[in-house]
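Reviewing the structure listed below.
Below, all heavy atoms of this structure are taken into account, side chains as well, without hydrogens, waters or symmetry copies.
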Amino acid sequence: MYYPLSTINTIILYYSILFLLCTTFLSLQPIYFAEAQNSTNAQNNTHQIYIPTTISKEAQEELRKIASNPFDFKNPGPADLIGWKKLYQEIESMDLFRSQSFIDLYQPNITETKLGGVNVLDIKPKNWHDNGKVLVYTHGGAYTLLSANSSLSSSILAADATSLRVISIDYTVAPFSKWNQTTDQVISVIQALKDQQQGYSLDDIAIYGDSAGGGLATGSVLKMRDGGMGMPAAVVLWSPWTDVTQNGDTYFTLKDADPLLMNNQFLKNSADAYANPIDQKNPYVSPVYGNFSKGFPPTLIQGGTKEILVSDFVRLYQGLDQANVPVKLDIYEGMPHVFQYILIKTPESDISLSKMNDFLRVYLDY
C-alpha cells in the first residue's frame with residue numbers, strides 16, 4: 001500500500017514517541033517537554049526540561065511534537081518472568097508497526113535466517129551491491145525489551161546510511177537469558193559469518209549497537225578478544241549503556257535534564273534481570289571496567305548532551321584513548337537518547353549518520 005511521505009513521517013514520529021516512552025529505560029510517570037528554551041517551560045513538581053535554541057530548527061520542531069506519556073506500564077522485578085514477558089509483548093506489538101513504516105520508507109530487502117544457531121535478520125539496503133563487507137547489529141531495549149524485528153528503525157537506517165548489509169541479532173532478552181549466554185549468542189553469529197558458508201574475515205566485519213545494544217556489542221568484542229577469537233574491524237556505538245551499575249556522574253547531574261532516561265529503578269531492575277549484582281562490574285557486562293591495553297577495534301561513540309549516559313560515553317572513551325585505541329567521541333548538542341532515528345531527517349541525525357558512514361569506510365576499507 002502506498003502512503004504519502006507526510007503520512008509516513010507522521011507515523012514515524014508517533015511511533016518514535018511510543019518507542020522512547022516504552023523501551024529504553026523509560027520513566028513510568030508522565031514526562032513533560034517544554035516548548036523552547038526561551039519560552040515558559042512545561043513542568044511538574046519534580047521534573048523540568050527545555051528544548052534549547054542551540055539545536056537545529058528541525059530538531060526543535062520534532063521535539064515539540066512529543067507528548068507526555070499516555071501509558072502506565074508496570075516495572076517488573078528482576079526475576080518476574082511473567083511481568084517481563086507481558087511488558088515485552090506489549091512493547092513489541094507497538095514497535096512492530098513502527099518498524100513497518102521504516103520498511104515502507106526505505107524499502108530494504110529483509111530475510112529471516114539463522115547464523116550460529118541464533119535467529120537474525122539479514123537486511124540489505126535498497127539497490128544494495130555486495131562489497132564483501134557486513135555490519136552486525138545488537139539492538140537496544142535495556143537488555144529486556146525489543147527484538148530484531150521491532151528495532152528495524154535503527155538497523156534499516158544504518159543500512160541505508162552506510163550501504164552495508166546489516167545482520168541484526170535477535171538475541172534472547174533478559175531475564176530469559178543472562179549476560180553470559182547473550183554475549184555467547186552474539187559471538188556465535190560473528191563466528192558463523194567467518195565460516196565457509198559466509199566467507200567473511202574479521203577484517204570484513206564491523207559491529208554496531210545502540211543503548212543497551214552498545215554495551216552488549218562492546219562486551220561481546222572484549223569476550224571475543226579474551227577468548228582468542230580475534231575482533232571485528234570496527235565498532236560503532238549509539239548512546240551506549242556501558243555501566244549498568246549507574247555509578248557515573250551524569251546519572252545524578254543530568255537526571256533532571258534527560259527527557260527520557262528518568263526512571264533509575266527501571267534501569268536497575270533491567271540490569272539485575274540481565275546480570276546478578278555481583279557480576280555487574282564484569283567488563284563483558286559493563287565495558288567501562290575493561291582493560292583495553294590488550295587491544296580493541298577502532299571505535300566511534302555517538303550521543304547527546306541531554307543523556308544521563310554521558311558519563312558512560314566519556315569513561316569508555318577515556319579507557320580506549322588511554323590504551324591508544326583509535327577512538328572518536330562524537331557528542332551532539334541538546335540531543336536525546338538514540339537521536340539518530342528518533343529525530344530522523346534532522347541535521348543532527350544526518351550528520352551523525354554521515355560520520356558513521358565515513359568511519360566505517362575507513363576501517364572496513366570499502
Do the side chains of [Y] and [X] get nearer than 4.5 Å, heavy atoms only?
| X | Y | answer |
| --- | --- | --- |
| Leu360 | Val362 | no |
| Ile207 | Val186 | yes |
| Leu237 | Leu300 | no |
| Ser220 | Leu216 | yes |
| Ile110 | Ile156 | yes |
| Asn180 | Thr183 | yes |
| Asn131 | His129 | no |
| Thr250 | Leu309 | no |

Atom pair [atom1] ([X]) and [atom2] ([Y]), whose distance is rounded to the nearest 0.5 Å:
| X | Y | atom1 | atom2 | result |
| --- | --- | --- | --- | --- |
| Leu121 | Ile169 | CG | CD1 | 11.0 Å |
| Arg165 | Thr111 | CZ | OG1 | 8.5 Å |
| Gln60 | Leu343 | CD | CG | 11.5 Å |
| Glu58 | Ile344 | CD | CD1 | 13.5 Å |
| Trp241 | Asp312 | CH2 | CG | 9.0 Å |
| Ile187 | Tyr284 | CD1 | OH | 8.0 Å |

[X] side chain to [Y] main-chain N or O, any donor-acceptor pair under 3.5 Å?
| X | Y | value |
| --- | --- | --- |
| Thr162 | Ala158 | yes |
| Ser177 | Ala174 | no |
| Ser99 | Asp95 | yes |
| Ser93 | Glu90 | yes |
| Ser286 | Val288 | no |
| Thr305 | Gly334 | yes |
| Trp84 | Gly77 | yes |
| Thr138 | Gly213 | yes |
| Glu307 | Gly304 | yes |
| Gln280 | Ala275 | yes |

Look at [X] together with [Y] and state whether they make a salt bridge at an N to O cut-off of under 4.0 Å.
| X | Y | result |
| --- | --- | --- |
| Lys126 | Asp160 | no |
| Asp184 | Lys223 | yes |
| Lys57 | Glu61 | no |

Between [X] and [Y], how do the two ring planes meet: parallel, tilted or perpendicular, split at 30° and 60°?
| X | Y | value |
| --- | --- | --- |
| Tyr274 | Tyr143 | parallel |
| Trp238 | Tyr341 | tilted |
| Phe296 | Phe292 | perpendicular |

TODO: Check step by step if side chain to side chain contact (heavy atoms under 4.5 Å, CB included) holds for Lys194 and Ser201.
DONE: CA-CA 6 Å; Lys194 291 176 57 186; Ser201 73; over 6 Å; no

Open item on the list: Determine whether Tyr171 and Asn119 satisfy the following criterion, side chain to side chain donor-acceptor pair (under 3.5 Å), listing intermediate values before the conclusion.
Closed with: CA-CA 7 Å; Tyr171 62 85; Asn119 292 328; over 6 Å; no

- [ ] Flag this pair as yes if the NZ/CZ of Lys306 is under 6.0 angstrom from the six-membered ring centre of Tyr332 and inside a 45 degree cone about the axis; otherwise no.
- [x]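 Lys306 over Tyr332 ring: no.
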
Would you say the side chains of [X] and [Y] form a donor-acceptor pair under 3.5 Å?
| X | Y | result |
| --- | --- | --- |
| Asp204 | Tyr366 | no |
| Arg315 | Thr242 | no |
| His139 | Ser168 | no |
| Asn269 | Gln265 | yes |
| Gln302 | Ser239 | no |
| Asp210 | Ser154 | yes |
| Asn149 | Ser147 | no |

Open item on the list: Around atom CG of Asp365, are there more than 12 heavy atoms from other residues, nucleotides or ligands closer than 6.0 Å?
Closed with: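 It does not: Asp365 CG has 12 such atoms or fewer within range.
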
Task: Glu112, CD atom: more than 12 neighbouring heavy atoms under 6.0 Å - done: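 Result for CD/Glu112: open.
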
Open item on the list: Determine whether Ser56 and Glu348 satisfy the following criterion, side chain to side chain donor-acceptor pair (under 3.5 Å), listing intermediate values before the conclusion.
Closed with: CA-CA 7 Å; Ser56 70; Glu348 290 87 350; 2.7 Å; yes

Taking a hydrophobic cluster as the set of Ile, Leu, Val, Met, Phe, Trp and Tyr residues connected by side-chain heavy atoms closer than 4.5 Å, whether directly or through intermediates, do [X] and [Y] fall within one such cluster?
| X | Y | answer |
| --- | --- | --- |
| Tyr137 | Trp128 | no |
| Tyr208 | Ile351 | yes |
| Met229 | Val134 | yes |
| Val325 | Leu222 | yes |
| Val314 | Val244 | yes |

Task: Closest approach of Gly219 to Pro287 (non-hydrogen atoms, all atoms of both residues) - done: N-CG, 3.7 Å

Task: Shortest non-hydrogen contact between Ala217 and Gly209, atoms and distance - done: CB-N, 4.4 Å

- [ ] Compute the ring centroids of Phe313 and Tyr317, then answer whether they are less than 6.0 Å apart.
- [x]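 Between Tyr317 and Phe313, which both carry aromatic rings, the centre distance is not below 6.0 Å.
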
Open item on the list: Please determine whether side chain to side chain contact (heavy atoms under 4.5 Å, CB included) holds for the pair Met231 and Leu202, giving the CA-CA distance in whole Å, both sets of side-chain angles, and the decisive distance to 0.1 Å.
Closed with: CA-CA 6 Å; Met231 296 178 289; Leu202 285 174; 5.7 Å; no

Open item on the list: Is there a side chain to side chain donor-acceptor pair (under 3.5 Å) between Asn247 and Thr245? Walk through the geometry before answering.
Closed with: CA-CA 6 Å; Asn247 279 326; Thr245 71; 2.8 Å; yes

TODO: Apply the test side chain to side chain contact (heavy atoms under 4.5 Å, CB included) to residues Asn282 and Tyr289: give CA-CA distance (whole Å), side-chain angles for both, the deciding distance (0.1 Å), then the verdict.
DONE: CA-CA 7 Å; Asn282 185 309; Tyr289 300 105; over 6 Å; no

Task: Chi angles and distances behind the side chain to side chain donor-acceptor pair (under 3.5 Å) call for Asn291, Ser293 - done: CA-CA 6 Å; Asn291 178 358; Ser293 65; 2.5 Å; yes

TODO: Only one of Gln340, Arg98, Gln100 passes side-chain hydrogen bond (donor to acceptor under 3.5 Å, both in side chains) with Ser153; say which it is.
DONE: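 That would be Arg98; it is the only one of Gln340, Arg98, Gln100 passing the side-chain hydrogen bond (donor to acceptor under 3.5 Å, both in side chains) with Ser153.
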
